[in-house]
Engineer: 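I have a structure here, written as structure tokens, and I will follow up with some questions on it.
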Number of protein chains: 2
Amino acid sequence: MPSNHFQNGIEKAKHVWSRLPSSEEAEEQDGVELSRKRNGTNVESLDYEVIENYAYRKQQAQRGRLYIGCYVAVKWFFALLIGIGTGLAAVFINLAVENFAGWKFAATFSIIQSSYLAGFIVYILINLALVFSSVYIVTQFAPAAAGSGIPEIKGYLNGIDTHGVLLFRTLIGKIFGSIGSVGGGLALGKEGPLVHTGACIASLLGQGGSTKYHLNSRWLHMFKSDRHRRDLVTCGCAAGVAAAFRAPVGGVLFALEEVTSWWRSQLMWRVFFTSAVVAVVVRTAMGWCKSGKCGHFGSGGFIIWDISGGQNDYSFEELLPMAVIGVIGGLLGALFNQLTLYITYWRRKYLHKKGNRVKIIEACLISLITSTISFGLPLLRKCSPCPKLETNSSIECPRPPGMYGNYVNFYCKRDSEYNDLATIFFNTQDDAIRNLFSARTFHEYSAQSLLTFLVMFYTLAVVTFGTAVPAGQFVPEIMIGSTYGRLVGMFVVNFYKKLNIEEGTYALLGAASFLGGSMRMTVSLCVIMVEITNNLKFLPLIMLVLLISKAVGDAFNEGLYEMQARLRGIPLLESKPKYHMRKMKAKEACRNQKVVYFPRVVKVADAVSILRNSKHNGFPVVDQTKSGEALVIGLILRSYLLVLLQSKVDFQHSHLPCALRSGSIPIRHNITEFAKPVSSKGISMDDIFLGPDDLEMYIDLAPFLNPSPYIVPEDMSLAKVYYLFRQLGLRHIFVVPRASHVVGLITRKDLLVEENEDPSTVELWSTIIRARQHDKRVNRRRSEVENPLLDGLLVQE
Amino acid sequence: MPSNHFQNGIEKAKHVWSRLPSSEEAEEQDGVELSRKRNGTNVESLDYEVIENYAYRKQQAQRGRLYIGCYVAVKWFFALLIGIGTGLAAVFINLAVENFAGWKFAATFSIIQSSYLAGFIVYILINLALVFSSVYIVTQFAPAAAGSGIPEIKGYLNGIDTHGVLLFRTLIGKIFGSIGSVGGGLALGKEGPLVHTGACIASLLGQGGSTKYHLNSRWLHMFKSDRHRRDLVTCGCAAGVAAAFRAPVGGVLFALEEVTSWWRSQLMWRVFFTSAVVAVVVRTAMGWCKSGKCGHFGSGGFIIWDISGGQNDYSFEELLPMAVIGVIGGLLGALFNQLTLYITYWRRKYLHKKGNRVKIIEACLISLITSTISFGLPLLRKCSPCPKLETNSSIECPRPPGMYGNYVNFYCKRDSEYNDLATIFFNTQDDAIRNLFSARTFHEYSAQSLLTFLVMFYTLAVVTFGTAVPAGQFVPEIMIGSTYGRLVGMFVVNFYKKLNIEEGTYALLGAASFLGGSMRMTVSLCVIMVEITNNLKFLPLIMLVLLISKAVGDAFNEGLYEMQARLRGIPLLESKPKYHMRKMKAKEACRNQKVVYFPRVVKVADAVSILRNSKHNGFPVVDQTKSGEALVIGLILRSYLLVLLQSKVDFQHSHLPCALRSGSIPIRHNITEFAKPVSSKGISMDDIFLGPDDLEMYIDLAPFLNPSPYIVPEDMSLAKVYYLFRQLGLRHIFVVPRASHVVGLITRKDLLVEENEDPSTVELWSTIIRARQHDKRVNRRRSEVENPLLDGLLVQE
């Protein structure tokens, strides 16, 4: 009786798919063929749910609660590890960058006391060496480490696993590459790479623990699933932001607003915890470095531009110039996005195709130009005399040598003079921003210097974008924004003649506006800005500026990360469906696609031929009921088929479904066999070698299929399908014909337990009810083990 | 030909359902029968999508882009109005409360100079009068205004419209009631009610604009839909928090984490804007009051306990006592939840059933007890001599009369003494918290006083919870938490003998821990705590304490709002399905439910009989194809049927489907007819009177049904259904049999536009592509108007 076999198979599949706490929460993220990318490899994510034997299931059913408890504990332990790892990585990068940069500037300043030319050459050479090391590591060792990595991480969390993004070599390349590129003075930051670093650490911890840490392998099975990896990567992402900006809440919100397309409140809590751990780790390291054990790091180090001592209040008249800053930010941000898109496109199309040597030369050339401009331009600028500073002010003019601060004495005739252009240009970016944000330094910069810097740095940032080095955009964008912000601030100070207006405040707002205009984030950016400046007073102003700049920017193009993701061929699903989808039906979306079915028991030769001749990643499986009617019994994934074909253990001679007798199923597959290692290519058809005998065998697919994929009726609006797809993070939806009848309707009531009972008594004695439910559950679970759930749906007797 | 008619009807329905920008985004929220509640009325939310005539649709298709632009502008305008409205309401409430309380204490203090007994009587009487006014307003005028309102708002945004929650009278009752109850010195706060106030303002603006503000009625149609109301209420909710705590980011996060079950990034931005507007409004009002124009308000007023001048650093040794605070917070918070649950249950079951008089007496009694304790207990306490304060400190001892501050001289023999219990007890709660949080006031409070206060206030807070007055829990919980926090802080100061530890810091952490242990929020609470204390330094510590207290609390019971919502019979869908759902199938969830079908053309008498005899809110509609096969053509809502039956305009004599000829459909229904006013009962069968002639008529349901509700196969795991239901905010899901074949598979690729084109060129010239798409869209839209979309799905020729 095939139908009976069939039923058993379905049962088996159902059990397998409903085994773990995660199994029904939602389907796994989607992977899509990125065949346009590098040499046509398909990169795809993988579902977790896999066959498992009865014994294991029974065992698990008996100790379900303990199992889940341990499982949760392990998840939290991993969150802790991610936090510590990312925090340490951030400290290491900062330590290295600060020391390289500090040493570089100290050496240059000591040499220019005797000769500016020699200083210039030394400065250029150090930068060149650092940038070369960075680009060399990236091109030779970790090509996926180039750029900020945020579009790729965003893609991963949206469901696309780009090859190589989360590998160990990428992590190493990212850490050492960003030390070189940031230390080498290029117009880029280390914050974006830190987010990528956090994600890499999270992903590696999730999958690498198995071999390195000798943890119980059953726990680690859990983290082989895409969903858990995605959760870990989300934690890593938040940890990266928290470490980069010392902004734990900002990190949580960044992960929430910017990178994930799917979110649960339980995950939020874990992300929150990871961020808190990072904050503690970073703070501890900085406290340890305060005593001077870390060289240059600690005196200037880490990204925090405290303006808590700045402007205390603001008046209504200031809202207008602030709105102007918002508009400028929107315009310049949109222009930045567009220019970087063009230049990256051009680079990818013409330059980077020519090989690594061109990439290296390009990066070195840009380093030379950057060094020349940052050293040369201040030389052309006349020095200004030092202003009279308050006696108890901590600011000195000129800045003492070897220190960080305002009023840099560079190529000045007298000692009591300073070079305003050098103060921002011939400096590390962190210090330049600190100087731009600084309060009580009226008219430190001339409008001419700021304009020069704005134009030159904007150009440099655009040109540097897309070179083969790890490169974040946060810091350069803050630089640009704070420059024009300070310009507006100078105008406001002159115009309103009020002494309680600080130019630094406007610089902060300018930075926020440019970030808003380019990256188009709102809440997370706002919180990050507040956390890095340690000033809550300007929160409403930052909100206002961000809203305006995002609105202005949105009128022109998409956000920086979205545009870059599209350029890299990462097909992100936007939060809203396209307008025309409202007029389309589900059937229309898949009209060109011929549906390739699998029978329940498939001949190996047929399976191979189907897999070779189609590119689909999921296939519907059909079988027939006793009465001969065809029924769709589930979805089989290409990757599972490949594993089955490769391992061959499930091959059978009979074309009949394998009988399922309780406890008699041998453990043929380890669960990990079906899990694709993250960021790798997985098995392809070319890896599989089948003899002629093998081709004549059969496979029963029932235990390996997903018995209930989500379905939509064929004439449902595509927009509605889109929401379903995106909200649940699906990778396949079956489009089915309209049903002939309805089995039932599910409403809210059906999904609530206490529907038939008096709510007040139930809730009051909820603990008792819970205990009872627990008993029931145990009973039910036991009975299931004996009598599997599926009542003869397909056996129409 | 019925089938042809049928097809036309489907087309019509399809057009109607896909008309507006909102129509396919997701289905509307669910309403459930709250028949256990007040006199058995069913309270339910309503879908928006309704029939509309051809002319209107054509017109709209031609100016789609402009329409959407205006539509978006109106949404933002409403967000602005909500922000302004909520901000002003908050200012008004604070102004009133501060002035009442200030006047009360001033009067009492001046009288006790001569007689403590007279002062006591005056104090009691003023409190009694205020509380009486509050409870009288609430019981006589706005019963829904009692309590904090947050569980109800949470329910509304989760999909349940409790009767009366968002009415104008509730708003009024909430505002004036909370002035009375908070001004009257009860152990409750005004923050929860403010959230409710914001939600009421938002809901009223959304629906009341039509008659009051003479705006173009077409715009207001949009805000008749549940989805838009829900968005507005979400904005109002965030605005309420932002206004209550002056915490705009906290407001956004509160709305995100705590109240909504469904979230979109577009909405986030609008909520963000509303919060920013509130912040500006509140700040402006406070600036205006600074000059003393607002009486007592402004000197102490508004909830902000600045501790930015406090402890600067923390060491590792302190983490242990902080963790202890977290544990205490979790335990006391869980106990608080459990005790309030018991007491509320008891109240609802025995006390409040006896009528309003009992409620009034109860509230007055509690006011008497509270006044007696807060006046009487400090009398029993011996005064302490003033400590030696630093000369440049702003703190004075004893506090000058009529001012706010520490060191209250109350019933002391000498002028240079203060009563530490009176400082926290005989004071407004805001000031008491400020005193508890205050830095540089070591050993101001004796452990004995703090313990006495903790026990008494905890008891008072539990007893007061659930009286028939507007009552928030934030402030009392902060009071309780900061008391034991300060106790721990005193211990730590003594134990570690370090001078850089401030007791106020521990009070802050205690407050966070108690809130976390009771309300179980994480990120939003953390941000709110940071924003109200204006201190970012303790962010990681607050995170740590919150995590611990939430974890401890979760081990015992649910959060305060969830428990209260369950007690009130509001069936919230939790974020995770129950464990046993994993083992259940969709079919099992609806097994007791007999499916009641409607034919496409239904006889009025039949419809009436079905509606009378079943309680379902949605019915599948079936029709037959030419070949006689039954097909499910959609879902009709009970509320739509009721509207159709009441209006009678769609009745027809023929039992055949009405013919649909282009342009020939008369405008029979105004869109607003189908929209249920918020928080009201809607039409019931008893409101409909049909004559014998009417009962013999027919209705063609095709134009009014939802042609493609979401479907699930009958053997899908119920947990999976749960996620679908919750993530998309559905109210009905059809459970259908397994399909016999698959029409197609939809994958990520199908949902992306540029799939067939070279991505690099496409993205670079995206603007051109967009322009082209726009043309296409216009063309498509035009062609649709002539040739409706549905190709003869049901006509099997």
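Proteins come first, then strands; the chains are lettered A, B, ... in the order of their sequence lines, and each starts at number 1. What you see below is based on every heavy atom in this structure, not just the backbone, and it leaves out hydrogens, waters and symmetry mates.
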Engineer: Looking at CZ of B:Phe725 and CD1 of A:Ile746, how far apart are the two atoms once the value is rounded to the nearest 0.5 Å?
Structural biologist: 8.5 Å

Engineer: Heavy-atom distance under 4.5 Å to chain B: side chain of A:Val527, backbone, both or neither?
Structural biologist: side chain

Engineer: Chain B: which of A:Leu541, A:Leu544, A:Leu253 shares the most heavy-atom pairs with it under 4.5 Å?
Structural biologist: A:Leu253

Engineer: The criterion is ring pair (Phe, Tyr, Trp, His ring centres under 6.0 Å); which residues satisfy it with B:Phe619, sequence neighbours excluded?
Structural biologist: B:Phe598

Engineer: What part of A:Ile711 gets within 4.5 angstrom of chain B, counting heavy atoms only: side chain, backbone, both, or neither?
Structural biologist: both

Engineer: Which pair of non-hydrogen atoms, one from A:Met543 and one from B:Ala276, has the smallest distance, and what is that distance?
Structural biologist: SD-CB, 3.6 Å

Engineer: If you count heavy-atom pairs within less than 4.5 Å of chain A, which of B:Val280, B:Thr284, B:Val721 leads?
Structural biologist: B:Thr284

Engineer: Does some side-chain heavy atom of A:Ser740 sit less than 4.5 Å from a side-chain heavy atom of B:Val632?
Structural biologist: no

Engineer: Under a 4.5 Å heavy-atom cut-off, does chain B meet the side chain of A:Ile542, its backbone, both or neither?
Structural biologist: neither

Engineer: If we define contacts as heavy-atom pairs under 4.5 Å, which of B:Ile733, B:Val742, B:Val278 has the most with chain A?
Structural biologist: B:Val742

Engineer: Against chain A, work out which of B:Gly618, B:Pro737, B:Ser275, B:Pro248 has the most heavy-atom pairs shorter than 4.5 Å and name it.
Structural biologist: B:Pro737

Engineer: Could you go step by step and tell me if B:Val271 and A:Val523 meet the side-chain contact (heavy atoms from CB on, under 4.5 Å) rule?
Structural biologist: CA-CA 10 Å; B:Val271 170; A:Val523 184; over 6 Å; no

Engineer: Measure A:Val530 against the heavy atoms of chain B and call it side chain, backbone, both or neither at under 4.5 Å.
Structural biologist: both

Engineer: What is the distance from atom NE2 of B:His741 to atom CZ of A:Phe734, rounded to the nearest 0.5 Å?
Structural biologist: 12.5 Å

Engineer: Does the side chain of A:Thr522 reach to within under 4.5 Å of the side chain of B:Val252, using non-hydrogen atoms?
Structural biologist: no

Engineer: Could you measure the distance from the CZ atom of A:Phe272 to the NZ atom of B:Lys550? Nearest 0.5 Å is fine.
Structural biologist: 11.0 Å

Engineer: Kindly give the heavy-atom pair with the smallest separation between A:Lys587 and B:Val743, and that separation in Å.
Structural biologist: CG-CG1, 3.5 Å

Engineer: So, taking the atom named OH in B:Tyr710 and the one named OH in A:Tyr710, what distance separates them when rounded to the nearest 0.5 Å?
Structural biologist: 12.0 Å

Engineer: Taking all heavy atoms of B:Val249 and all of A:Cys526, pick out the closest pair and write down the distance.
Structural biologist: CG2-SG, 4.5 Å

Engineer: Below 4.5 Å from any heavy atom of chain B, which atoms of A:Ala247 appear? Answer side chain, backbone, both or neither.
Structural biologist: neither

Engineer: Mind listing the closest non-hydrogen atom pair of B:Trp269 and A:Leu547 along with its distance?
Structural biologist: NE1-CD2, 2.7 Å

Engineer: Would you check, one step at a time, whether the test side-chain contact (heavy atoms from CB on, under 4.5 Å) holds for B:Glu531 with A:Leu539?
Structural biologist: CA-CA 10 Å; B:Glu531 285 189 281; A:Leu539 187 56; 2.9 Å; yes

